[in-house]
Amino acid sequence: MTDHSTPPHGVHDLVGVGIGPFNLSLAALCDGVPGLDTLFLDRRPAFSWHPGLLLEGTVLQVPFMADLVTMADPTSRWSYLNYLREHGRLFPFFFSERFHIPRREYDHYCRWVAERLPSCRFGAEVTAVEWDASAEAFAVTHRPSGAPSGGDRDGGREERVLARRVVLGVGTTPVVPEPLRPLLTPAHAGRVLHSADYRTHRAALAGRDDVTVVGAGQSGAEVVLDLLRHQDGEGRGGPYVRWLARTPAFAPMEYSKIGLEHFTPDYVRYFRALPESVRDRLVREQWQLYKGVSEQTLGEIHDELYERTIGGGRPRAGLHPGVEITAVRPVEDSGGRGYVLGCRHTGQGTEFEVRTSAVVAATGYAAVRPACLDPLDKLVDWDARGRYRVGGDYRVALDESVTGALYVQNAEMHTHGVGAPDLTLGAWRAAVILNSAAGRTVLPVPDRAAWTTFGAPGAGAPEAEGEPGTEAGAGARESGARESGARAGEAAR
């Protein structure tokens, strides 16, 4: 395997910090590009994608074509279909007629790619990214994960590499409601946790008397369904399952074909041109585009509850939307150790308490500003809320003295819209970054991908070019410069 730690010219063209699906997509698309030297670093020992939620029977919410490369380069050897071919599973996959693949298989596919890309190095923790003006490059310092700084190489000596461009793909961190945060300690381990750790404590939770799941998204629904399935056929065994959520309903994910066009480059361009206040409002309002539950999972929960009513039974479960947790206190009495949750119904304005044995916070994730970026803090043009200002090519706005480029992946929902964390746009975004970093079109990206015109039709609305009945449309028809939707296609999450 090629050693990418020291390029021949002494400076890498691109260094990626973090190897989740998005930076792995970029690494795969960069593989084999002539004249492009890349290195991707991750502190983990190997690729792992949400291991705490790799439950049997769970599937991706996006079709298999939203793999690491296909939506940008379907000819790549790193495609999911080639993964199947390499494992002798093309025919079984064909006969299964699957469009949405098992989550565990997606994780295995990504590991297959990561283990074979020579540019990916695991077990390397990046401790600092700083601008070296004399070298006109970023200095990326890393050391073996878990090792102290200093000492010899095997004992943890830090290594410094130079890069003209750096791509941050450090992922997101679990978000827990404020009342629960003081209980995220070893003393409450396995009884108060984020859903990211659910699989680790799954068996113990299934044996408790009462488990409360907080959060109305897909992760919350999957935890609820899994706990229900730990009850016996009549619902007597296993825990009582309580599902709380602030949202007014346990609502399905928006999955109509036209609705999914919010996950296209067209919508990204439209969203970026909006005022910041409008963008922030839209992200909040569009929660069903990225925080809803698949109809299949909601249906399976309903089926489990229905089964419990056979013969006059009653489900040992409670579903409570429109509820937020306001306080939590541990208790220990004749009923054992547990927690009392102070709750408020947001619609009625009423307050109440519930007693539970354990709490699973399926309350999502948020982008993080990694500590390794601290040396660049004063060189980054942060917005008023301390967020990156991100350009159309996913390049972060920096002080004009910095001649290198810093890019981000999945930290730009506030500038690029709800598609930022979605796998659908992953390969497309990686191709945009690749073209920007290379200074040329390595991979062509679609000019138009949606039927929807998100902005007002007419001049000044790029999405409306070629639309009948507008000046822009008339000009396009006369010149024949556009094929009036021939390149438009159906997007999928």
Side-chain angles (χ1 to χ4, degrees), residues 18 20-22 48-55 58 60-62 103 169-181 183-184 192-201 211-227 242-255 262-263 279-294 297-298 301 319-326 328 341 343 346 359-370 385-387 408-414 416-426 493:
F22 295 134
S48 182
W49 185 69
H50 294 302
L53 286 169
L54 294 181
L55 305 176
T58 57
L60 287 187
Q61 289 183 285
V62 294
R103 192 176 293 164
V170 295
T172 52
T173 188
V175 173
V176 175
E178 193 278 331
L180 290 171
R181 291 173 196 165
L183 301 177
L184 295 176
V192 177
L193 61 142
H194 191 274
S195 57
D197 297 318
Y198 174 70
R199 194 176 178 207
T200 301
H201 303 285
V211 178
T212 298
V213 180
V214 183
Q218 183 68 22
S219 297
E222 289 175 355
V223 171
V224 166
L225 179 59
D226 188 65
L227 289 170
R242 183 182 298 101
W243 193 9
L244 307 179
R246 287 189 304 175
T247 55
F250 296 109
M253 180 90 67
E254 166 60 67
Y255 213 82
H262 286 85
F263 301 92
R279 295 198 305 262
D280 289 342
R281 174 176 56 80
L282 280 176
V283 168
R284 292 192 301 270
E285 293 176 349
Q286 293 172 339
W287 63 272
Q288 270 187 266
L289 286 168
Y290 63 102
K291 288 185 178 180
V293 184
S294 74
T297 306
L298 288 174
I301 290 173
L319 279 60
H320 308 280
V323 173
E324 65 177 357
I325 296 177
T326 58
V328 182
L341 308 181
C343 303
T346 57
V359 184
V360 180
T363 42
Y365 301 80
V368 296
R369 185 193 300 185
R385 295 176 59 181
R387 302 173 298 190
V408 291
Q409 301 217 59
N410 194 14
E412 75 287 349
M413 184 183 286
H414 60 291
H416 286 64
V418 294
D422 197 278
L423 295 176
T424 302
L425 285 171
R493 287 195 75 218

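- At distances below 3.5 Å, not a single donor-acceptor pair connects side-chain atoms of Thr173 with backbone N or O atoms of Ala366.
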For this session: Any chance you could lay out the side chain to side chain contact (heavy atoms under 4.5 Å, CB included) test for Tyr290 and Met413, step after step, and finish with the verdict?
Result: CA-CA 11 Å; Tyr290 63 102; Met413 184 183 286; 4.1 Å; yes

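- Proximity of Thr172 to Pro421: side-chain heavy atoms (C-beta onward) are nowhere separated by under 4.5 Å.
- Qualifying salt bridge (Lys or Arg N to Asp or Glu O under 4.0 Å) partners for Asp197, counting only residues two or more places apart in sequence or in other chains: none.
- To the nearest 0.5 Å, atoms CG (Leu425) and NE2 (His262) are separated by 12.5 Å.
- Taking the six-membered ring for Trp and thresholds of 30 and 60 degrees, His50 and Tyr365 have ring planes inclined between 30 and 60 degrees apart.
- Looking only at distances, a side-chain donor or acceptor of His194 sits under 3.5 Å from a matching main-chain atom of Gly364.
- Using a distance-only test at 3.5 Å, with no hydrogens or angles considered, a donor-acceptor pair links the side chain of Arg279 to the main chain of His414.
- Side-chain contact between Arg199 and Leu53 is absent, with no heavy-atom pair separated by less than 4.5 Å.
- At least one donor-acceptor pair closer than 3.5 Å links the side chain of Glu412 to the backbone N or O of Asn410.
- In this structure, the side chains of Ile301 and Val224 come closer than 4.5 Å at one or more pairs of heavy atoms.
- The side-chain heavy atoms of Leu54 and Thr58, taken from C-beta on, include no pair separated by under 4.5 Å.
- Considering all non-hydrogen atoms of both residues, Leu184 and Val192 come closest at CD2-O, 3.7 Å.
- The minimum heavy-atom distance linking Ala196 with Pro174 is given by the pair CB-CG, 4.2 Å.
- Rounding to the nearest 0.5 angstrom, the gap separating the CD atom in Glu178 from the OG1 atom in Thr326 is 10.5 Å.
- With hydrogens and angles ignored, the 3.5 Å screen pairs a side-chain donor or acceptor of Ser294 with a backbone N or O of Thr297.
- Among all heavy-atom pairs drawn from Phe250 and Ala216, the shortest one is CD2-CB, 4.0 Å.
- Side-chain contact between Trp243 and Thr212: absent, with no pair of heavy atoms (C-beta onward) separated by less than 4.5 Å.
- Closest heavy-atom contact between Trp287 and Pro248: CZ2-CD, 4.5 Å.
- Minimum heavy-atom separation, Ser219 to Ala362: C-CB, 4.0 Å.
- Side-chain contact between Thr247 and Lys291 is absent, with no heavy atoms from C-beta onward closer than 4.5 Å.
- Gln218 CD to Arg103 CZ: the interatomic distance, rounded to the nearest 0.5 Å, is 6.5 Å.
- Contact annotation: the side chain of Phe263 never approaches that of Val62 to less than 4.5 Å [non-hydrogen atoms, C-beta and beyond].
- Residues Val328 and Val359 are not in side-chain contact: their nearest non-hydrogen atoms beyond the backbone lie 4.5 Å or more apart.
- Residues Val176 and Thr363 come closest through the heavy atom pair CA-OG1, 3.8 Å.
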